[in-house]
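Taking it in order: structure first as structure tokens, then the write-up.
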Amino acid sequence: MTKKKKRTWLLTPKKLKNELEAIGESCNKKEIIATGAALLGIGLLLMKLFALKIIFFVPIALCLLYVFPFVILNAKKRKYEKNRFQNAASYLSHMNQSFQDTKSILTSLKETERKYRDGKMRNTLRAAIDHIQKSKNVRLGEQEALQMIEAEYDCRKMRTFHDFIVKAEAHGGECSKELKLLEKIKNEWVLAVENGYRTFCSNIYLMYFEAVILLIICAFIQQRFPGEFSVYRMGVVQIANTLLICLFIFLFKFFDRRSAKSLLADAKTMAEEEVEKGYAAIAKLDIKNNLKRGLPYGLIFIVLFGVLFFFTKSKAVLVIGLVIILIVSNIYNISYFAFYAQIKSELAASVPEWVFDVVLLLQRENVQVAILKSIDNAPPVLKHELYSLQQKIIDAPADPNSYLTFLDRFEIDGVEDAMRTLYSISQGTGSAQNIGTIAETNMRMLSEAEKRRIERDNAFSTVYIYFPILPCVFVLLVYGGALLYNVFTTVMSLLS
């Protein structure tokens, strides 16, 4: 896994150059001039639109100067991340097909390297090939070479593929079915990521469009008041408009950076601390006892709303009070169900990939060993249950309940069928056809889980459209206050 990079808050020319060199990009004078001219033009246009005094161009210019290098960097990063994702996807396809034909990692790498033009992917593959050829231990050299590729294009799909071909080459034999299955899963993943990113960017562009419309509306409103009540030349309004423009500039910087995110990044999963906390909360389900624990908090609100109802005699206060008292008194039970829902959601997303890992391991191992080895690559939320499964299998390997009780309290679709098949294989009553059935059934689950994961990661982007509204509401309130002030002073001058 790649380490999370520390965020850069200020980009000097030297830092910008270093950031661009790190992704193999550069910036010429034409791009710098064009970007600078575009930002300057936007700043002057906004000055004209809001009829700002020249002094207020200083903070706007400083904000534009601050975001200027980030605009250049993010434009390059978007291009870099798209190419990086496309190269990783095409590499998996080419390498998969070559390995089906040759059953050799080194030969497959050589054939795949020839299919790329000069660039980062080809250079990475050349370095990997050279490393294998210079290694005294070929098997170890191949594993290290594949890790070099993962360092540049790290994602779970690539690690899974590399683990499989290393084991397949070591054990020999036919593995075309598994490789074709890997290719199908890769294609589903690519489609889900591309569709998710397209939706994500559409939400950001919609937010940009909304921000432009809101700025135009604010500028139009402030200049439509009658001459004697005009507010746009008032100092407080000029300051509010300047703050609004500066805020929108930083808003653009924030979302521009998010649109340049990595498309290969693995799904965010619950950390080990969260998992332990969640399972501890689930283990303590005792509705009556939890109600007793929450009752002291409920009593506080009983007294509070009792007093309010005594003085107001309002049924609305009574109803609201009862609802709040019920919620507060059951706070520990609510916590249980919240953790349960979160862990179930994480498990539903993790199980299909784990089942697929087991299917691949079954080509070379028995069921017990396959489950044991699959724990290393499992996310923390699943490891907790897998350790329990491992212990049950060790204690009672012939007992079907050792398998069938896996995740039974979470009632996740497809798990019981998969575990029933694994049990039959472990007892010698299953066959290779059963493994194929698990794989095919799991394909649909894996595809749906991938889509859910991406939708979950992008879910927050649907609320981006609301971000520009709040600052505009604040500015409109300033306009209203300034208008009332003008009306008041006009009336007072007439009376005097």
Side-chain angles (χ1 to χ4, degrees), residues 1-2 78 80-100 108 112 115-116 121 124 146 149-166 168 175-202 259-269 345-361 374 377-379 381-382 412-414 418 436 438-459 461:
M1 293 292 291
T2 54
R78 274 190 294 275
Y80 166 77
E81 292 297 347
K82 287 179 183 178
N83 289 337
R84 185 164 166 259
F85 175 76
Q86 290 167 357
N87 283 338
S90 63
Y91 161 80
L92 288 172
S93 292
H94 295 316
M95 191 70 180
N96 188 312
Q97 186 59 55
S98 295
F99 192 81
Q100 286 186 52
S108 298
T112 303
K115 296 175 182 177
Y116 287 92
M121 176 55 84
T124 302
L146 295 177
I149 300 171
E150 290 169 11
E152 297 295 335
Y153 300 90
D154 187 34
C155 64
R156 182 174 172 81
K157 294 291 182 294
M158 188 168 289
R159 294 193 298 273
T160 299
F161 174 72
H162 285 167
D163 287 345
F164 178 77
I165 62 175
V166 166
C175 57
S176 295
K177 283 185 179 180
E178 293 77 24
L179 288 169
K180 287 176 181 177
L181 188 59
L182 278 169
E183 179 64 14
K184 285 182 183 178
I185 290 171
K186 188 272 299 180
N187 290 338
E188 292 285 346
W189 167 67
V190 169
L191 186 63
V193 171
E194 288 178 343
N195 288 338
Y197 182 68
R198 197 177 297 115
T199 302
F200 178 80
C201 288
S202 296
S259 69
K261 65 178 182 177
S262 171
L263 301 180
L264 291 175
D266 289 331
K268 294 178 181 177
T269 57
S345 175
E346 291 278 341
L347 287 170
S350 304
V351 165
E353 288 219 42
W354 170 75
V355 172
F356 182 72
D357 285 345
V358 173
V359 168
L360 293 180
L361 288 165
S374 70
N377 292 327
V381 71
L382 194 54
I412 298 172
D413 292 341
I438 297 178
E440 290 299 327
T441 303
N442 195 57
M443 267 290 297
R444 177 183 56 82
M445 292 173 57
L446 192 58
S447 175
E448 291 300 319
E450 196 69 51
K451 289 176 184 176
R452 283 197 304 270
R453 178 190 74 80
I454 293 170
E455 286 172 0
R456 183 184 62 189
D457 289 348
N458 293 336
S461 68

Item checked: V193 side chain reached by V190 side chain, heavy atoms, under 4.5 Å -> no

Note to self: I'd like to know if the side chain of R84 reaches the main chain of E152, judged simply by a donor and an acceptor atom lying under 3.5 Å from each other, with no hydrogens or angles considered.
What the structure shows: yes

Notebook entry, point to check: Does any N or O in the side chain of Y197 come within less than 3.5 Å of the main-chain N or O of K82, such that one atom is a donor and the other an acceptor?
Noted result: no

Note to self: Rounded at 0.5 Å granularity, tell me how far CE in M121 sits from OG1 in T112.
What the structure shows: 9.0 Å

Next item on the list: Check whether any side-chain heavy atom of E194 lies under 4.5 Å from a side-chain heavy atom of R198, and answer yes or no.
Entry: yes

Next item on the list: List the atom of E81, the atom of S262, and the distance in Å for their closest heavy-atom pair.
Entry: OE1-CA, 3.4 Å

Check: Salt bridge or not for K186 and E183, using N-O below 4.0 Å?
Finding: yes

Item checked: Closest non-hydrogen atom pair, F200 against S259 -> CE2-CA, 4.0 Å

Checklist line | Beyond-backbone contact of F85 with C155, side-chain heavy atoms, under 4.5 angstrom | finding: no

Next item on the list: Might you work through the side chain to side chain contact (heavy atoms under 4.5 Å, CB included) test for E346 and L382, ending with a clear yes or no?
Entry: CA-CA 8 Å; E346 291 278 341; L382 194 54; over 6 Å; no

Note to self: For the backbone of Q86 and the side chain of Y91, can you confirm whether one donor and one acceptor N or O come within less than 3.5 Å of each other?
What the structure shows: no

Margin query: Do T199 and S202 have side chains that approach each other closer than 4.5 Å (heavy atoms only, starting at C-beta)?
Written below: no

Next item on the list: Dump the intermediate steps for side chain to side chain contact (heavy atoms under 4.5 Å, CB included) on K115 and S98, then the final yes or no.
Entry: CA-CA 11 Å; K115 296 175 182 177; S98 295; 4.0 Å; yes

Item checked: Taking every non-hydrogen atom, the tightest pair across T124 and I149 -> CG2-CA, 3.9 Å

Check: Taking all non-hydrogen atoms of both residues, which atom of Y153 and which atom of L264 are closest, and how far apart?
Finding: CA-CD1, 4.0 Å

Check: Rounded to the nearest 0.5 Å, what separation is found between the CG atom of L92 and the NE2 atom of H162?
Finding: 6.5 Å

Next item on the list: Output the distance between atom CG (L191) and atom CG (N195), rounded to the nearest 0.5 Å.
Entry: 4.5 Å

Check: Which distance, rounded to the nearest 0.5 Å, do you find between the CG of L179 and the CD of Q100?
Finding: 5.0 Å

Note to self: Return the OG to NZ distance between S176 and K180, rounded to the nearest 0.5 Å.
What the structure shows: 6.0 Å

Note to self: Within this structure, what is the OH-CG distance for the pair Y80 and L263, rounded to the nearest 0.5 Å?
What the structure shows: 11.5 Å

Next item on the list: Check whether any side-chain N or O of T160 sits under 3.5 Å from a backbone N or O of K157 as a donor-acceptor pair, and report yes or no.
Entry: no

